[in-house]
Number of protein chains: 2
Amino acid sequence: MTESDKLDIIIPFKWKSAKSRLSNMMNLEEREEFALKMFQDVLNTIISFKRQSLNDIKISVLTTTNDVPDCIKDERFRVIVDTRRLNDALNELISVKSIEDNSHLLILMSDLPLVNTKIIQEILNREEDLIIVPGRKGGTNMLFIKNRSKFRVDYYGISFKNHEKIAIENGLSYHLYDSLFAGTDIDEEEDLLDLLVFGEGEAKKYLERLGFVAVSKGEKIFLDRQ
Amino acid sequence: MTESDKLDIIIPFKWKSAKSRLSNMMNLEEREEFALKMFQDVLNTIISFKRQSLNDIKISVLTTTNDVPDCIKDERFRVIVDTRRLNDALNELISVKSIEDNSHLLILMSDLPLVNTKIIQEILNREEDLIIVPGRKGGTNMLFIKNRSKFRVDYYGISFKNHEKIAIENGLSYHLYDSLFAGTDIDEEEDLLDLLVFGEGEAKKYLERLGFVAVSKGEKIFLDRQ
């Protein structure tokens with residue numbers, strides 16, 4: 001990306017009844033608060049990045065409900081409400097945008113509290129048409145799309161493979177960006193350990209306030225709640 | 001590392017009763033075979049790397065038992081048997097070596113079947129005194145040590161933090177190398193999914209021969225055995 005390129009950053013964010021796979025660890029209120037803290041960590045990283053960048057960057061939060069919490073209403077980004085499934089909502093944004101202007105598009109998930117500005121910068125510096133950041137178990141945690149008109153997202157299943165395939169079918173060069181921190185999306189009990197061990201932001205502090213700790217015993221590290 | 005530097009690569013390998021945390025998924029024989037396949041993947045990567053490198057590279061496998069399987073007896077590397085705990089065995093190797101010669105030392109675990117030569121090269125190209133490759137849950141999957149006399153390993157607990165601390169205490173510069181593929185050590189059921197999804201080598205093929213598959217259902221990916 002050169003300095004004159006425009007960049008749209010989209011953060012899909014689910015708040016209501018979020019993180020259901022943590023139901024055995026946290027009640028509904030805790031899960032929604034936790035999802036919000038992770039979103040805030042991602043947003044803080046993006047805002048820090050924007051501050052140090054020379055590019056014209058626009059930040060959008062994509063959500064399925066009008067009932068967004070007050071704290072995510074912020075003049076630094078716009079909120080797009082779309083009640084459809086993620087793929088449909090994002091593919092409309094991709095296609096509309098590719099007519100409207102020729103900005104590049106970075107899509108990153110809101111449950112990546114370990115992402116940092118160095119990772120964002122490295123991804124944006126790459127030369128390929130498409131950068132895919134795979135997450136654990138084959139998901140896609142971030143996508144950087146330079147040729148919107150030739151791309152569409154397909155987030156379900158082992159989605160990093162879907163995105164590789166779509167790139168190949170459309171003649172796009174692509175790169176798999178290898179990062180433990182960007183590859184760690186927090187969905188399940190085991191992921192909380194990674195956040196406790198590697199985290200530094202609000203989401204980690206919130207876990208600690210809830211009493212979660214990483215306990216080491218010999219070679220094994222496990223999660224406990226006090 | 002410059003072309004004239006010598007490099008010792010040490011792969012600690014546990015074979016007998018390996019991977020006990022997979023006991024609910026595989027029987028003893030399968031676990032030992034699986035550990036061996038992962039070791040072979042790591043070794044293949046190291047041997048490919050050595051072939052393309054200009055450095056003088058010596059490969060050693062550190063194991064706790066004399067009863068090593070025939071297939072790991074190979075003229076391309078030496079086998080060091082040390083019955084003590086990993087820290088003690090490695091720290092002796094580090095200190096003896098630091099008197100013997102001034103080669104650099106790369107320690108990588110044998111359960112990293114997703115490691116590739118590009119990762120090895122990037123780690124060896126770094127400028128810092130010490131490169132730590134953290135693994136999931138805070139372990140240390142690889143260490144690249146340039147100042148052996150000022151370093152010792154401490155693998156138990158959240159060991160990447162131990163290694164950061166030892167570096168700081170000894171005035172060594174260090175870098176955390178961020179990689180999902182090098183950060184994924186295969187210990188537990190959930191890790192098998194990562195190997196199935198991202199793997200390409202012998203360990204992945206062995207899992208498939210055992211009938212393990214990654215099944216996707218909506219947003220969720222889970223492990224099944226057929």
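What's counted below: heavy atoms across the whole structure, side chains too, no hydrogens, waters or symmetry copies. Letters go in sequence order (proteins before strands), and every chain restarts at 1.
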In terms of heavy-atom contacts, does [atom1] of [X] have more than 12 from other residues, nucleotides or ligands at under 6.0 Å?
{"X": "A:E208", "atom1": "CD", "result": "yes"}
{"X": "A:E127", "atom1": "CD", "result": "no"}
{"X": "A:R85", "atom1": "CZ", "result": "no"}
{"X": "B:K165", "atom1": "NZ", "result": "no"}
{"X": "A:E29", "atom1": "CD", "result": "no"}

Top contributor to chain B interface from A:D194, A:V215, A:D187, A:L180 [non-hydrogen pairs under 4.5 Å] =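 Option with the greatest count: A:L180.
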Of all the heavy-atom pairs spanning [X] and [Y], show the shortest one and how long it is.
{"X": "B:F198", "Y": "A:G135", "answer": "CZ-O, 3.3 Å"}
{"X": "A:F181", "Y": "B:D178", "answer": "N-OD1, 3.0 Å"}
{"X": "B:V197", "Y": "A:G138", "answer": "CG1-CA, 3.4 Å"}
{"X": "A:A214", "Y": "B:I158", "answer": "CB-CD1, 4.3 Å"}

Using non-hydrogen atoms only, which part of [X] is less than 4.5 Å away from chain A: side chain, backbone, both, or neither?
{"X": "B:F222", "result": "neither"}
{"X": "B:L195", "result": "neither"}
{"X": "B:K161", "result": "side chain"}

Quick one: pull up CG in B:L193 and CZ in A:R136 and give me the separation to the nearest 0.5 Å.
->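 That separation rounds to 8.5 Å.
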Separation of B:I221 CD1 from A:S159 OG (nearest 0.5 Å) =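 Between atom OG of A:S159 and atom CD1 of B:I221 there are 7.5 Å.
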Pick whichever of B:R21, B:K118, B:E188, B:K217 has the most heavy-atom pairs under 4.5 Å with chain A.
->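 Among B:R21, B:K118, B:E188, B:K217, the one with the most close pairs to chain A is B:R21.
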Between B:G183, B:S179, B:G157, the one whose heavy-atom pairs under 4.5 Å with chain A are most numerous =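 The residue among B:G183, B:S179, B:G157 with the greatest pair count is B:S179.
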Is chain B contacted by the side chain of A:Y155, its backbone, both, or neither, given a heavy-atom distance below 4.5 Å?
->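 Neither; nothing under 4.5 Å.
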Ionic contact status for A:D191 with B:K137, cut-off 4.0 Å |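 Salt bridge between B:K137 and A:D191, a charged N being under 4.0 Å from a carboxylate O: no.
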